[in-house]
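We name chains A, B, ... by the order of the sequence lines, and we start the count at 1 in each one.
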Amino acid sequence: MIRRATAEDAEVIGELWLKLVNYHQALDVDLPRASRDGASRYAQRVNARLDDPHSRIFVAEEDGQVVGYVLGVVVDLVPDMFVQERSGFLADIYVLDEYRNRAIGRALVDALIEWFKSQGLRYFEWHVAVANDAARAFWYSLGGRDSMIRMRYDLFEESDS
Amino acid sequence: MPNKQSIVLRAATIDDVVDLLYLWQAKQAVRASLSQSNIPKTEKHVLGDQIANWLADESYLIYVGMRGAQMAGYIIGHVGSFPLGLTIRRIGLVVDLTIDGHIYSGGLGRSLCRVLWHWFDEKEIQRVMIPLLGGSAVEEAFWRSLGADYDRNIFWMDI
């Protein structure tokens with residue numbers, strides 16, 4: 001069952017976010033790590049967004065527990081030197097490993113897309129770690145197109161060499 | 001024979017906005033030919049105002065390479081932040097690096113990057129992000145040659 005998140009879900013969503021960050025870390029150690037209190041900070045962020053008209057959080061509930069979530073926001077994605085157009089940004093999505101391959105992720109995305117549509121948006125964006133092949137395959141299967149690449153450069157590596 | 005008159009690097013001023021806009025728009029035309037995806041439309045006067053704002057904003061650095069009176073390239077950097085909860089809070093962002101492809105400017109891109117890296121280093125920035133349009137093989141090769149690595153794909157979907 002997909003439903004809108006409530007304040008009671010915030011702590012669990014924070015824990016899911018931590019799993020998401022750790023999942024990325026396992027793929028690429030250079031991706032950002034969670035700080036020691038990252039999960040609780042994220043839960044606070046979730047709470048702050050529950051009543052934000054520009055944000056929407058959906059959770060997937062299975063067997064009486066929250067097993068996944070998606071967080072989307074309405075933003076002006078393009079830099080402000082361009083003509084502005086409100087668009088959607090899918091900030092985070094995660095489904096517990098043992099609940100994957102059950103179309104839960106797709107259902108979460110569908111719920112968010114319906115909300116984006118209700119906000120009058122034409123498109124939305126999201127970021128996928130280059131190392132995350134499974135996620136890229138998932139997004140291609142949903143019709144996503146990769147438009148940009150973000151590269152990173154660590155300055156301290158230069159000073160060490 | 002290429003004109004090897006030396007290139008001088010300096011911080012951009014408000015008097016450079018017209019030349020910055022010219023190089024910016026030339027690059028946008030190249031980008032548009034590479035991809036038909038959702039490249040945002042540029043409003044020249046808005047961009048001009050924005051560059052003027054950036055020149056007055058301490059979180060931005062704009063440096064230009066000048067061959068005599070002609071602008072050969074520029075770099076724009078910005079100090080931003082990651083979302084709450086991650087260990088890296090502040091990051092450097094390469095907003096744009098553009099080199100005029102019509103004149104000889106060997107090594108200018110690297111020279112402008114060195115200036116920006118030094119500025120980031122002064123601000124205790126450890127990680128720099130460089131967004132590129134997909135299919136920009138030459139740009140990717142340039143950044144990889146400097147030691148940059150792939151981080152994320154930016155996806156989009158019409159709804």
Side-chain angles (χ1 to χ4, degrees), chain A residues 14 17-18 21 28 30-42 44-45 77-85 87-88 90-91 113 116-117 121-132 136 139-140 142-159 161, chain B residues 21 24 35 37-44 46-51 53-54 82-89 91-96 113-114 117-118 120-121 124-136 139-140 143-144 146-159:
Chain A
W17 172 83
L18 185 58
V21 173
D28 181 350
D30 286 328
L31 290 172
R33 291 177 290 120
S35 57
R36 196 168 48 182
D37 58 350
S40 63
R41 284 178 175 232
Y42 193 84
Q44 291 170 17
R45 180 177 165 187
L77 279 173
V78 294
D80 46 11
M81 75 287 289
F82 295 108
V83 174
Q84 292 298 298
E85 178 181 357
S87 47
L90 189 156
I113 287 175
F116 281 150
K117 282 181 180 174
L121 307 185
R122 287 193 313 121
Y123 72 96
F124 70 105
E125 284 190 7
W126 62 98
H127 296 178
V128 179
V130 169
N132 195 347
R136 287 147 57 90
W139 288 113
Y140 285 133
L142 263 60
R145 297 165 63 184
D146 48 342
S147 59
M148 292 190 75
I149 295 168
R150 194 175 75 182
M151 300 185 80
R152 66 167 180 256
Y153 180 76
D154 287 331
L155 288 172
F156 62 83
E157 288 181 353
E158 183 181 59
S159 59
S161 61
Chain B
L21 286 174
W24 176 288
S35 171
S37 62
N38 57 336
I39 300 173
K41 298 178 181 66
T42 310
E43 286 283 321
K44 194 171 180 180
V46 176
L47 173 58
D49 291 346
Q50 188 58 62
I51 291 175
N53 288 336
W54 288 346
F82 265 136
L84 197 65
L86 296 173
T87 45
I88 300 174
R89 292 290 296 124
I91 58 166
L93 180 71
V94 179
V95 176
D96 195 26
C113 283
R114 275 190 217 104
W117 292 174
H118 180 68
F120 283 144
D121 192 45
E124 300 180 337
I125 297 296
Q126 293 184 338
R127 177 158 291 183
V128 180
M129 294 297 181
I130 307 127
L132 301 174
L133 194 65
S136 310
E139 288 184 80
E140 286 178 39
W143 290 109
R144 288 182 67 180
L146 285 185
D149 203 355
Y150 293 104
D151 187 71
R152 289 171 191 266
N153 290 114
I154 301 173
F155 276 73
W156 67 287
M157 188 190 299
D158 283 326
I159 53 180

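A/H127 is listed as a side-chain neighbour of B/I154, based on a closest heavy-atom distance under 4.5 Å. When side chains are defined from C-beta on, B/M129 does not count as touching A/M151, because their heavy atoms never get closer than 4.5 Å. Looking at A/E125 and B/M157, their side chains never come closer than 4.5 Å, going by heavy atoms from C-beta outward. Proximity of A/L31 to B/D151: side-chain heavy atoms (C-beta onward) are separated by under 4.5 Å at one or more points.
For the atom pair CD1 of B/I159 and CZ of A/F116, the computed distance is 7.0 Å after rounding to the nearest 0.5 Å. From B/L93, atom CG reaches atom CZ of A/R150 across 8.5 Å, with rounding to the nearest 0.5 Å.
When the candidates B/L132, B/V128, B/N153 are compared by the number of heavy-atom contacts under 4.5 Å with chain A, B/N153 comes out ahead.
Heavy atoms only, all atoms of each residue included: A/P32 and B/R152 are closest at CD-NH2, 4.2 Å. Closest heavy-atom contact between A/L155 and B/I125: CD1-O, 3.1 Å. Of all the heavy atoms in A/M148 and B/L133, the pair that sits closest is CE-N, 3.9 Å.
Under the 30°/60° scheme for interplanar angles, the aromatic rings of B/F155 and A/W126 are found to lie parallel.
Using a 4.5 Å cut-off between heavy atoms, A/L142 touches chain B through backbone and side chain atoms alike.
A side chain to side chain contact (heavy atoms under 4.5 Å, CB included) with A/Y153 is found for exactly one of B/W143, B/W117, B/F120, namely B/W117.
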